[in-house]
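Some notes on the structure that comes next.
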Amino acid sequence: MTTKTISTVEFIRHFGRYLDEAMREPITLTKHGRASVVVVPVDLFERMTKGSEDPRKVYRTSETPPQLADMILTALDKRLAHVSDEPQND
């Protein structure tokens, strides 16, 4: 999933604006030019960590829990919708 990337200083400077944006999609914060933190809505965080001892667990396609698969497919559909709305330069 591609996220919007901004500096920590920019996030602090415009906290309200970026907090609202992070409620719609994750935002990656950078410190000294390197990704350091991802800001996500609490419901997404809870879905990512619910029922899993280690949220970094990797699944085979056939092993992916239905809720996680739905979350991933929903995010992909949103991304693909943006791509299909862009004009084609042929």
Side-chain angles (χ1 to χ4, degrees):
M1 173 190 286
T2 306
T3 63
K4 180 175 192 165
T5 301
I6 60 169
S7 71
T8 304
V9 171
E10 179 71 9
F11 183 79
I12 292 168
R13 190 174 292 141
H14 301 285
F15 178 78
R17 179 175 115 198
Y18 290 122
L19 182 65
D20 291 342
E21 285 186 33
M23 295 302 291
R24 291 187 297 278
E25 66 179 341
I27 295 179
T28 300
L29 303 181
T30 61
K31 186 173 183 176
H32 303 294
R34 292 188 287 180
S36 60
V37 175
V38 177
V39 181
V40 297
V42 71
D43 62 326
L44 175 57
F45 177 77
E46 288 172 350
R47 287 188 309 217
M48 291 169 49
T49 59
K50 187 177 181 179
S52 176
E53 313 79 48
D54 185 351
R56 299 169 296 172
K57 181 172 175 62
V58 176
Y59 297 96
R60 290 188 178 114
T61 305
S62 61
E63 298 174 335
T64 306
Q67 285 182 315
L68 180 58
D70 289 344
M71 183 178 70
I72 292 168
L73 291 174
T74 300
L76 286 173
D77 286 343
K78 286 180 183 177
R79 291 286 175 193
L80 290 174
H82 292 294
V83 171
S84 64
D85 290 342
E86 294 177 3
Q88 299 294 320
N89 293 332
D90 292 325

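FYI, the numbering just counts along the sequence from 1.
Between Val9 and Lys31, the closest side-chain pair of non-hydrogen atoms is not below 4.5 Å. Taking 4.5 Å as the limit, every side-chain heavy atom of Tyr18 sits out of range of all side-chain heavy atoms of Ile12. Looking at heavy atoms from C-beta onward, Thr28 lies out of side-chain contact with Val37 at the 4.5 angstrom threshold. Taking the side chain as every heavy atom from C-beta outward, Thr30 and Ile6 never approach each other to under 4.5 Å.
Within a 6.0 Å sphere centred on CD of Gln67, heavy atoms belonging to other residues, nucleotides or ligands number 12 at most.
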* To do: Take Glu25 and Lys4 through the salt bridge (charged side-chain N to carboxylate O under 4.0 Å, His left out) test and state the conclusion after the steps.
  => CA-CA 8 Å; Glu25 66 179 341; Lys4 180 175 192 165; over 6 Å; no

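By the rule that hydrophobic residues join a cluster once side-chain heavy atoms approach within less than 4.5 Å of another member, Phe11 and Met23 end up as members of separate clusters.
The CG atom of Asp20 lies 13.5 Å from the NE2 atom of His14; values are rounded to the nearest 0.5 Å. Here the straight-line distance linking atom CG of Leu73 with atom OG1 of Thr64 works out to 9.0 Å at 0.5 Å rounding.
When all heavy atoms of Val39 and Ala22 are compared, the closest pair comes out as CG1-CB, 3.6 Å. Across all non-hydrogen atoms, the minimal contact from Leu44 to Pro26 is CD2-CG, 4.1 Å.
Between the side chain of Thr8 and the main chain of Leu29, no donor-acceptor pair closer than 3.5 Å is present. Glu10 places no side-chain N or O within donor-acceptor distance of the main-chain N or O of Ser7, the cut-off being under 3.5 Å.
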